[in-house]
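Worksheet for the structure shown next.
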Amino acid sequence: MSANAAAVPDQPRPHGALAARAAANAVRERLGVRNPVTAIVLGSGLDGLADRIENARRVPYADVPGLHATRVPGHRGEIIVGTLGGREVVALAGRFHMYEGFSARTAAFPVRLVHALGARVLFLSNAAGGIRSTLAPGSLMMIEDHINLTFRNPLVGPVEPGDTRFPDMSRPYSPRLNALLVESARAAGVTLSSGVYAGLLGPAYETPAEVRLLAMCGADAVGMSTVVETIVGVAIGMEVAGVSVITNAAAGLGESLSHEDVVRRGLAVAGEFGALVEGFVRRVGGG
């Protein structure tokens, strides 16, 4: 069997490709999705971007088959469809995380859902701790690469219909989309750094020794999401881009950490983040 051959299961697997199609049909019926140019995933404290979406239609995660209500502050738990930068988008306002007890497969299921809704570009965002000294709180970091230290992979198991069995992760974050992010940042007057994101399982913040180890491994920022979503996105053929909002210095590099501070600092950069994403969506859509 070739590497790309799909072993189709007899019955739809939970949180797989066929389940995503069923969930997408339910969302399409509720929200009238037509042709989204981009799917946007909003991390902790970043769901203020949802307020920029015009003609917004919303459905709670809990009303969508396969999704779960969010339980972490700073995550609204809604699918939002509307226009941003004059282009149709579908936004996922919030996540459910592996540290809450969900599997990697479940945590990445929303990516399969937005793909089934027609999105072929995936924009991921997260709140992250800055490891590199130049990434002060309030910085925006374009993700050039990641290190998956969750030790989880959402593709484990039989190959889903349409998946690549062994996805090429040599360029998980699209150079084309990264160029558009740089162009959008320049046009909006937003400072945009770039670097490597390390995804850990959480929910505890990292120790100072762990942060030193992450720096030695080449990580510039650290968080508790994103990596499994990127893996699924690549496996199903989406172009992926990502931005980390640096909401704090990683443990041992600054003051003590709290989730409340993470959310508050995410809100503080909402204007710059929103301008960046809006410009990016406009360029992805050909504007």
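Basis for what follows: all heavy atoms, side chains included, without hydrogens, waters or symmetry-related copies.
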Over 60° means perpendicular and under 30° means parallel, so classify the ring planes of H68 and H15, tilted if in between.
-> tilted
Tell me, please, which residues at least two apart from A108 pass side-chain contact (heavy atoms from CB on, under 4.5 Å).
-> P154, V228, V232
Mind running side-chain contact (heavy atoms from CB on, under 4.5 Å) on Y205 and V222 for me, showing each step along the way?
-> CA-CA 9 Å; Y205 290 114; V222 58; over 6 Å; no
Can you get from V156 to M169 by hopping between Ile, Leu, Val, Met, Phe, Trp and Tyr side chains that sit under 4.5 Å apart?
-> no
Of all heavy-atom pairs between Y173 and H146, which one has the smallest distance, and what is that distance?
-> OH-ND1, 2.8 Å
Output yes when a side-chain donor or acceptor of E206 lies under 3.5 Å from a complementary backbone atom of V211, and no otherwise.
-> no
Got a second to check how far M238's CE is from L124's CG, nearest 0.5 Å?
-> 8.5 Å
Quick one: closest heavy-atom pair of A50 and L42, and the distance?
-> N-CD1, 4.2 Å
Report yes if the side chains of R152 and I231 come closer than 4.5 Å at any heavy-atom pair, otherwise no.
-> no
Pairwise distance CD1(I246) to CZ(R132) - rounded to 0.5 angstrom = 8.5 Å
Sorted by chain and residue number, the side chain to side chain donor-acceptor pair (under 3.5 Å) partners of R28 (sequence neighbours excluded) come out as N25
Residue pair L276 / L181, side-chain heavy-atom distance below 4.5 Å = yes
Hits for ring pair (Phe, Tyr, Trp, His ring centres under 6.0 Å) against H115, two or more places apart or cross-chain, chain-then-number order -> none
Polar contact flag, side-chain donor to acceptor under 3.5 angstrom, R105-S103 | no
Does Y61 reach the main-chain N or O of G94 with its side chain, forming a donor-acceptor pair under 3.5 Å?
-> yes
Closest heavy-atom pair, L140 versus T191, reported as atoms and distance to 0.1 Å, is CB-O, 4.0 Å
Can you name the closest pair of heavy atoms from A56 and I80 and give their distance?
-> CB-CG2, 3.8 Å
Inter-residue atom distance M142.CE - L192.CG, 0.5 Å rounding = 5.5 Å
Here the pair of heavy atoms bringing A107 nearest to M98 is CB-CG, 3.9 Å
If you measure from CD1 on I131 to CZ on R212, what distance do you get to the nearest 0.5 Å?
-> 12.0 Å
Common cluster, L213/V227, ILVMFWY with side-chain heavy-atom separation under 4.5 Å = no
Let me see the working for L214 and L200 under side-chain contact (heavy atoms from CB on, under 4.5 Å), right down to the final yes or no.
-> CA-CA 10 Å; L214 290 170; L200 275 64; 4.1 Å; yes
Mind checking whether E239 and V284 have side chains closer than 4.5 Å, heavy atoms only?
-> no
Heavy atoms, side chains only, cut-off 4.5 Å: are V41 and V114 in contact?
-> no
Non-hydrogen side-chain atoms of L84 and T38 separated by less than 4.5 Å = no
Where do S193 and L135 land on the side-chain contact (heavy atoms from CB on, under 4.5 Å) test, with the steps shown first?
-> CA-CA 8 Å; S193 300; L135 290 173; 3.8 Å; yes
Would you please name every residue forming a side-chain contact (heavy atoms from CB on, under 4.5 Å) with E88, sequence neighbours left out?
-> V33, R34, N35, P36, R57, V81
Measure the CZ-CZ distance between R171 and R176 for me, rounded to the nearest 0.5 Å.
-> 13.5 Å
Where the side chain of R87 meets the backbone of G285, is there a donor-acceptor pair that is under 3.5 Å apart?
-> yes
Rounded distance (nearest 0.5 Å) linking atom CD of E278 with atom CZ of R283 = 10.5 Å
Side-chain touch S225/Y197, heavy atoms, less than 4.5 angstrom = yes
Backbone N or O of G48 within a donor-acceptor pair of the R52 side chain at under 3.5 Å?
-> no
Are any side-chain N or O atoms of D220 and backbone N or O atoms of V196, one a donor and one an acceptor, separated by less than 3.5 Å?
-> yes
Kindly indicate, with the supporting measurements, whether the criterion side-chain contact (heavy atoms from CB on, under 4.5 Å) is fulfilled by D163 and R112.
-> CA-CA 10 Å; D163 281 20; R112 294 191 181 278; 2.7 Å; yes
Looking at residues at least two apart in the chain, or sitting in another chain, which of them share a side chain to side chain donor-acceptor pair (under 3.5 Å) with N148?
-> T150
Please examine the side chains of V243 and I143, heavy atoms only from C-beta on, and report whether any two atoms are closer than 4.5 Å.
-> no
State, yes or no, whether a side-chain contact exists between I40 and S125 at a heavy-atom distance under 4.5 Å.
-> no
Could I get the full list of side chain to side chain donor-acceptor pair (under 3.5 Å) partners for T226, not counting sequence neighbours?
-> R95, N126
Looking only at heavy atoms, what is the nearest atom pair of A23 and P65, with distance?
-> CB-O, 3.3 Å
